[in-house]
Amino acid sequence: MCRAAEILQQLHCPLLINQNRYLMLDRTIEQNGLLAACDTLEKGLVVYSPLAQGLLTDRYLHGSIPDDSRIRTDGCFLKVDQLTEELLSKLKRLQKIAQDRGQTLAQLALCWILQQETVTSILVGASRPEQILDTVKIAEQPPLDASELAAIAAILE
């Protein structure tokens, strides 16, 4: 059990909700024990930033940075130097898996998160209505199978 869960138990403080960043490119909650602790305590997680400020969409796949992108307009959470050749290579391989499933890269990224039963909700942070319409299509799609999960894991290593 992670240290945070132990402290909550010692203080007799119920965990009502936990909101953390979780996505293919940032799996900290797997490594620090939070995901396992929530599973053990039978608590759910609400996760945010599932698309890495747009990195896990088709927006940057070709290495160009659109003028209206968050990198150009905000630069707070996503920076130009994060768009490396290594990252682009991973994104393109993930995109191939998505295409083979008849999905967008964003849909694949969301389906991957939903493989975790502990995740009860995803805050997608859409900036346009069509992004919401694209997102809800994952409800009609099959879960990732073992071979797809293995292929994704190999890419993310």
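Only this structure's heavy atoms are used, side chains among them; waters, hydrogens and symmetry mates stay out. Values in this document were obtained by computation on a predicted structure and should not be read as measured data.
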Could you walk me through whether I122 and V46 pass side-chain contact (heavy atoms from CB on, under 4.5 Å), step by step? CA-CA 6 Å; I122 300 174; V46 175; over 6 Å; no

When you look at L144 and I152, which way does the side-chain contact (heavy atoms from CB on, under 4.5 Å) test go after all the steps? CA-CA 10 Å; L144 296 163; I152 291 167; 4.0 Å; yes

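- The environment of CD in E117 is sparse: at most 12 heavy-atom neighbours from other residues, nucleotides or ligands sit within 6.0 Å.
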Assess whether side-chain contact (heavy atoms from CB on, under 4.5 Å) is satisfied between T104 and K137, documenting all intermediate values. CA-CA 10 Å; T104 65; K137 290 178 184 174; over 6 Å; no

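- Using a distance-only test at 3.5 Å, with no hydrogens or angles considered, no donor-acceptor pair links the side chain of Q115 to the main chain of W112.
- Side-chain atoms of Y22 and L45, non-hydrogen and from C-beta on, never get closer than 4.5 Å to each other.
- For the residue pair R21 and Y48, the shortest heavy atom distance occurs at N-CE2, 3.3 Å.
- The shortest distance between side-chain heavy atoms of I138 and L110 falls below 4.5 Å.
- Inter-residue side-chain proximity for L23 and L51 is flagged as unmet; no heavy-atom pair is nearer than 4.5 Å.
- Nearest approach of A109 to P50, heavy atoms of both residues: CB-O, 4.2 Å.
- Checked by atom type and distance alone, the side chain of S89 never pairs as donor or acceptor with a backbone atom of E85 at under 3.5 Å.
- Looking only at side-chain heavy atoms (C-beta outward), L108 and M24 come within less than 4.5 Å of each other.
- Taking 4.5 Å as the limit, some side-chain heavy atom of L87 sits within range of a side-chain heavy atom of L25.
- Within a 6.0 Å sphere centred on CD of Q31, heavy atoms belonging to other residues, nucleotides or ligands number more than 12.
- Considering only heavy atoms from C-beta on, E30 comes within 4.5 Å of Q116 through its side chain.
- Counting heavy atoms from C-beta on, the side chains of R27 and L35 never come closer than 4.5 Å.
- For residues 100-110, the pairs satisfying salt bridge (Lys or Arg N to Asp or Glu O under 4.0 Å) are K96-D100, R101-E148, with sequence neighbours left out.
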Go through the steps for Q103 and Q99 under the test side-chain contact (heavy atoms from CB on, under 4.5 Å), then give the verdict. CA-CA 5 Å; Q103 291 181 312; Q99 288 174 336; over 6 Å; no

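- Between the side chains of Q107 and D134, at least one donor N or O lies within less than 3.5 Å of an accepting N or O.
- Contact annotation: the side chain of K92 approaches that of L61 to within less than 4.5 Å [non-hydrogen atoms, C-beta and beyond].
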